[in-house]
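Please read the structure below before turning to the comments.
By convention here, the first residue in the shown sequence is residue 1.
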Amino acid sequence: MCVRNRVASIVWKAIIVVVGIAGLIESGSKLPAGEFFFYFTSLSVMAAVAYFALSILVMVRAGRDSPWSVWAPTFKYLVTIAVTVTFLIAHFLLGGGLGTLGWEAYCLHYIVPIMTILDWLLFDPKGNMGRTDPLVWPLSMVAYFVYVLVMVYGFGVRMGGSLLDSRFPYAFIDIDALGVGQVAITVVVLVVAFVVLGYVFFGVDALLARLASRRGTGAHEA
């Protein structure tokens with residue numbers, strides 16, 4: 001499945017950029033800078049906004065229908081998986097507690113991730129994912145965890161009580177409360193889940209590519 005409408009693709013991506021920026025600005029206005037840049041949500045959505053802004057620029061300047069994923073597929077898939085994880089963690093691990101937050105929480109945890117997934121489904125050519133690519137995508141989660149450890153133990157950053165009275169941004173990686181062993185197990189489980197999620201995307205990508213190929217072959221034979 002690939003919608004070959006350049007204008008629709010640009011407009012869709014522009015909406016993601018606008019919604020993402022609006023959500024980030026509103027969220028950033030409510031949090032100290034140290035906390036805002038501590039959340040996986042903030043970082044993943046910023047990456048998505050950067051990707052789609054650059055994608056729009058490339059599409060406009062190149063005058064082509066194909067999105068930037070043709071030139072930078074790894075970046076696109078990393079962003080897509082990252083915001084998908086943002087959505088899944090917010091919805092399932094954080095217990096739907098977003099109701100206590102403002103509209104920006106829904107922009108960052110729901111609208112941007114869902115529109116990003118739909119952007120891939122609707123506008124990206126399928127069949128570009130490699131079999132080993134899902135093994136690379138979890139590196140963003142590992143890098144984030146290392147980043148948290150550096151911020152906490154290297155620079156003494158802590159949450160300060162705005163959402164969580166802890167040195168850590170999420171309760172499930174709170175080493176102070178859970179201990180190193182439990183958090184290590186959680187991180188391993190998350191990485192494995194990340195890989196599984198990646199192969200779900202890979203499977204859908206391969207299936208849609210085969211279906212598109214069959215339709216193309218059938219049309220050619222007819």
* **Residues Val183, Phe168; criterion side chain to side chain contact (heavy atoms under 4.5 Å, CB included); working and verdict** => CA-CA 11 Å; Val183 171; Phe168 295 85; over 6 Å; no

* To do: Go through Leu31 and Tyr39 one step at a time and tell me if the side chain to side chain contact (heavy atoms under 4.5 Å, CB included) criterion holds.
  => CA-CA 11 Å; Leu31 295 171; Tyr39 286 111; 3.8 Å; yes

* Would you check, one step at a time, whether the test side chain to side chain contact (heavy atoms under 4.5 Å, CB included) holds for Asn128 with Asp124? => CA-CA 9 Å; Asn128 289 331; Asp124 285 7; over 6 Å; no

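In the hydrophobic clustering of ILVMFWY residues, with side-chain heavy atoms under 4.5 Å counting as a link, Trp12 and Ile114 come out together. Leu108 and Val18 are not part of a single hydrophobic cluster, where members link through side-chain heavy atoms under 4.5 Å apart. Put simply, Val192 and Val187 are part of two different groups of oily side chains (I, L, V, M, F, W, Y) that touch within less than 4.5 Å, one to the next. Residues Val85 and Ile185 do not share a hydrophobic cluster, clusters being chains of Ile/Leu/Val/Met/Phe/Trp/Tyr side chains in contact below 4.5 Å. Leu178 and Val188 fall into different hydrophobic clusters, where Ile, Leu, Val, Met, Phe, Trp and Tyr are joined by side-chain heavy atoms under 4.5 Å apart, directly or via other members.
With Asp133 contributing its side chain and Gly130 its backbone, the two residues share a donor-acceptor pair below 3.5 Å. Distance alone, capped at 3.5 Å, places no donor-acceptor pair between the Ser27 side chain and the Gly23 backbone. In this structure a side-chain-to-backbone donor-acceptor pair under 3.5 Å is missing from His91 to Phe87.
Residue Ile10 holds its CD1 atom at 9.5 Å from CG of Asn5, rounded to the nearest 0.5 Å. Atom CG in Asp119 sits 7.0 Å away from atom OG in Ser55 (nearest 0.5 Å). Taken to the nearest 0.5 Å, the CE atom of Met59 stands 8.0 Å off from the CD1 atom of Ile56. How far CG of Leu197 is from CG of Leu190: 11.5 Å, rounded to the nearest 0.5 Å. In this structure, Thr80 OG1 and Tyr77 OH are separated by 8.5 Å, a value rounded to the nearest 0.5 Å. Here the CG atom belonging to Leu88 is positioned 11.5 Å from the NE2 atom belonging to His109, to the nearest 0.5 angstrom.
Under 3.5 Å, the side chains of Ser9 and Lys13 contain a donor-acceptor pair of N or O atoms. Thr41 and Thr86 share no side-chain donor-acceptor pair at under 3.5 Å.
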Solution key, residues 134-154 side-chain donor-acceptor pairs under 3.5 Å, sequence neighbours excluded:
residue : atom : partner : partner atom : Å
Ser140  : OG   : Trp137  : O            : 3.1
Tyr144  : OH   : Phe38   : O            : 2.6
Tyr144  : OH   : Phe40   : N            : 3.2
Tyr147  : OH   : Phe37   : O            : 2.5

For residues 204-211, which side-chain N or O atoms pair as donor and acceptor with protein atoms under 3.5 Å away, sequence neighbours left out?
residue : atom : partner : partner atom : Å
Asp205  : OD1  : Gly127  : N            : 3.2
Asp205  : OD2  : Gly127  : N            : 3.0

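Among all heavy-atom pairs drawn from Val83 and Ala48, the shortest one is CG1-CB, 4.0 Å.
In this structure, Ile89 and Phe172 have side chains that are in contact, with non-hydrogen atoms separated by less than 4.5 Å. Leu43 places a side-chain heavy atom less than 4.5 Å from the side chain of Met46.
Screening Val17, Leu24, Ile21, Ile16 for a side-chain contact (heavy atoms from CB on, under 4.5 Å) with Val112, the sole residue that qualifies is Ile16.
For residues 176-191, the pairs satisfying salt bridge (charged side-chain N to carboxylate O under 4.0 Å, His left out) are Arg167-Asp176, with sequence neighbours left out.
Annotation: Trp120 is in aromatic contact with Phe201 [ring centroid separation under 6.0 Å].
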